[in-house]
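Working notes for the structure below.
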Amino acid sequence: MGDLAGNKLFTLVRDFFKSYLPNMRKCSPNTIRAYQKALELLFDFVKSEKHVKLNEITFQMIDSAMLEKFLDHVENERGCSVATRNHRLQCIRAFYTYVAETEATAVAYWQELKKVKSAIAPKETVEHMSETAVTAVLEQPDTSTQKGLRDMFMMLFLYQTGARVQELLDVRLCDIRWGSTPTVTLHGKGGKVRAVPLREKAVEHLKKYIAAFHPNQGKYSEQHLIYVIRDGVKKRMTEDNVRRLVCDYGITARKVCPEVPENVHPHLFRHSRAMHLYQSGVDLMLVSQWLGHSKLDTTLIYAHADTELKRQAIANAIPEDSPLSEYLNAERYKVDDEDLLKQLCGLK
């Protein structure tokens with residue numbers, strides 16, 4: 001394969017992010033950040049593997065073997081799920097598709113990376129925390145300090161609203177509506193917007209947080225609700241910052257509460273809240289709308305998980321030699337059963 005110059009690679013990267021995605025594809029800032037994260041991680045990995053500087057990376061250095069190795073690194077060393085692994089691959093493919101359409105000499109690189117296939121995700125119940133575990137994690141920050149007050153509020157917000165970490169960090173003060181029924185506007189995937197009601201406990205902590213971190217800001221301010229100060233300027237906090245602090249609180253919480261999972265991450269609060277709502281009797285359609293899912297099928301994981309948990313509990317209570325054990329076949333409880341799906345969707 002003929003090689004494009006290394007600086008040409010980064011010229012194409014710049015055009016991809018500065019022109020193609022925002023202007024031609026009309027991608028949202030959140031989508032663009034996802035592409036940026038995937039390519040940034042890939043380039044950092046290539047730097048380490050090839051022992052080169054960033055500006056020395058070329059297209060030739062990134063073949064299918066390198067990409068496979070990177071994706072294994074994402075899953076095995078960074079501890080990401082198969083879904084995240086596949087999403088990183090999808091973002092990288094999108095960039096190479098753009099490159100192939102822009103530079104005829106780069107088609108060979110695009111074809112080389114097409115050899116790398118998406119991984120098959122194992123079918124498993126959705127990961128979530130019990131209410132006891134959630135409480136244990138929320139109790140870890142020292143709320144007598146500003147950092148502790150902020151960290152506890154962020155985790156409580158993630159749980160009470162079911163927000164994705166990106167949605168939390170995108171919230172601005174003007175997105176909060178007070179009044180008799182306070183709500184927050186969340187900006188989700190694909191530019192989708194939804195209003196989520198804030199419960200009394202969340203409002204109480206929100207007021208404390210704003211008093212401490214936004215004492216002079218009006219309710220129509222464009223300032224990010226959660227921020228960090230860099231070079232004297234308030235800027236949006238990064239997703240990685242939140243992941244690190246949530247993970248750390250999870251580790252300390254596990255020492256006092258064995259129910260806390262080994263790996264606590266921001267999305268776990270979203271899964272946990274959805275499961276708790278479903279288990280308390282909230283209609284699956286309402287849970288789907290509350291989470292901002294575009295398809296009800298996506299929300300069915302909570303019904304599946306809850307059904308599997310009940311099946312396991314029953315199985316544990318019935319001896320293996322009992323004649324009832326034959327009725328505990330997991331296949332009988334699958335949520336993809338058509339009749340059950342129709343019931344969950346309100347068709348029966």
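Values reported hereafter were calculated over all heavy atoms of this structure, with side chains retained and with hydrogens, waters and symmetry mates removed.
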Can you name the salt bridge (charged side-chain N to carboxylate O under 4.0 Å, His left out) partners of Asp231, sequence neighbours left out? none
So does Asp142 get a backbone contact from the side chain of Thr145, meaning a donor-acceptor N/O pair under 3.5 Å? yes
Answer yes if Ile229 and Met154 sit in the same cluster of Ile, Leu, Val, Met, Phe, Trp and Tyr residues linked by side chain heavy atoms under 4.5 Å apart, and no otherwise. yes
Met61 to Val52 - nearest heavy-atom pair and separation: CE-CG1, 4.1 Å
Is the shortest heavy-atom distance from the side chain of Ile251 to the side chain of Arg254 under 4.5 Å? no
Heavy-atom closest pair (Tyr227 atom, Tyr209 atom, distance to 0.1 Å) is N-OH, 4.3 Å
If we ignore angles and hydrogens, is there a donor and acceptor under 3.5 Å between the side chains of Asp240 and Thr238? no
Here the salt bridge (Lys or Arg N to Asp or Glu O under 4.0 Å) pairs for residues 198-207, sequence neighbours left out, are Glu204-Lys208
Is Arg150 close to Leu245 at the side-chain level, that is, under 4.5 Å between some pair of heavy atoms? yes
Distance from Phe157 atom CZ to Leu225 atom CG, nearest 0.5 Å? 6.5 Å
Minimum heavy-atom separation for Arg194 to Gly162, with atom names? NH2-O, 4.0 Å
Here the pair of heavy atoms bringing Leu138 nearest to Met152 is O-CG, 3.3 Å
Should His87 and Leu89 count as side-chain neighbours, where that means a heavy-atom distance under 4.5 Å? no
So, taking the atom named CG in Leu67 and the one named CG in Asp72, what distance separates them when rounded to the nearest 0.5 Å? 9.5 Å
Contact check, side chains of Arg78 and His73, non-hydrogen atoms, under 4.5 Å: yes
Quick one, Arg85 with Glu68, criterion salt bridge (charged side-chain N to carboxylate O under 4.0 Å, His left out). Give me CA distance, side-chain angles, the key distance, then yes/no. CA-CA 10 Å; Arg85 173 194 176 112; Glu68 286 274 15; 3.6 Å; yes
Any side-chain donor paired with an acceptor under 3.5 Å for Tyr249 and Asp151? yes
State yes or no: are the ring centers of His205 and Phe153 separated by less than 6.0 Å? no
To check you understand the geometry: which heavy-atom pair defines the closest contact between Phe45 and Met66, and what is its length? CE2-SD, 3.7 Å
Could you grab the distance from atom NE2 of His51 to atom CD of Glu49, nearest 0.5 Å is fine? 7.0 Å
State the CD1-CZ distance between Ile32 and Arg25, to the nearest 0.5 angstrom. 10.0 Å
With a 4.5 Å limit on heavy-atom distance, are the side chains of Leu198 and Gln160 in contact? no
Expected output: side-chain Asn86 to main-chain Ala119 donor-acceptor under 3.5 Å: yes
Kindly indicate whether the side chain of Leu186, heavy atoms from C-beta on, has any atom under 4.5 Å from the side chain of Val193. no
Flag yes if more than 12 heavy atoms outside Lys50 fall under 6.0 Å of its NZ atom; otherwise flag no. no
If you apply the rule side-chain contact (heavy atoms from CB on, under 4.5 Å), what do you find for Gln90 with Arg93, and how did you get there? CA-CA 5 Å; Gln90 179 185 358; Arg93 280 177 177 169; 5.7 Å; no
Picking from Phe95, Tyr98, Phe59, what satisfies ring-ring contact (aromatic ring centres under 6.0 Å, His included) with Tyr109? Phe59
May I ask you to decide if the ring planes of Phe16 and Tyr35 are parallel, tilted or perpendicular, using 30° and 60° as cut-offs? perpendicular
Are Leu12 and Met24 linked, directly or through other ILVMFWY residues, by side chains that come within less than 4.5 angstrom of each other? yes
Are Leu21 and Thr31 side-chain neighbours, meaning at least one heavy-atom pair lies under 4.5 Å? no
Roughly how far apart are Cys257 SG and Met129 CE, rounded to 0.5 Å? 10.0 Å
Start with the C-alpha distance between Tyr96 and Ile62, add both sets of side-chain angles, then the distance that settles side-chain contact (heavy atoms from CB on, under 4.5 Å), and finish with yes or no. CA-CA 11 Å; Tyr96 272 80; Ile62 309 172; 3.7 Å; yes
Please list, one pair per line, the donor and acceptor atoms closer than 3.5 Å that link side chains of residues 168-181 to other protein atoms, with sequence neighbours excluded.
| unit_1 | atom_1 | unit_2 | atom_2 | d |
| --- | --- | --- | --- | --- |
| Asp170 | OD1 | Arg33 | NH2 | 3.1 |
| Asp170 | OD1 | Arg236 | NE | 2.8 |
| Asp170 | OD1 | Arg236 | NH2 | 3.1 |
| Asp170 | OD2 | Asn30 | ND2 | 3.3 |
| Asp170 | OD2 | Arg33 | NH2 | 3.3 |
| Asp170 | OD2 | Gln166 | NE2 | 3.0 |
| Arg172 | NH1 | Glu222 | O | 2.7 |
| Asp175 | OD1 | His187 | NE2 | 3.3 |
| Asp175 | OD2 | Arg172 | N | 2.9 |
| Arg177 | NH1 | Cys174 | O | 2.4 |

Check: Ser130 and Glu259 side chains under 4.5 Å, non-hydrogen atoms: yes
Over all heavy atoms of both residues, which pair between Gly188 and Glu167 is shortest? Give the atoms and the distance, please. CA-OE2, 3.1 Å
Please walk me through it: do Lys115 and Glu112 pass side-chain contact (heavy atoms from CB on, under 4.5 Å)? CA-CA 6 Å; Lys115 297 176 184 177; Glu112 169 69 11; 2.8 Å; yes
Using the benzene-type ring in the case of Trp, are the ring centres of Phe43 and Phe10 under 6.0 Å apart? yes
Kindly determine whether Val46 and Phe70 satisfy side-chain contact (heavy atoms from CB on, under 4.5 Å), including the steps that lead there. CA-CA 8 Å; Val46 174; Phe70 164 70; over 6 Å; no
So NE2 of His265 and CD of Glu239: to nearest 0.5 Å the spacing works out to 15.0 Å
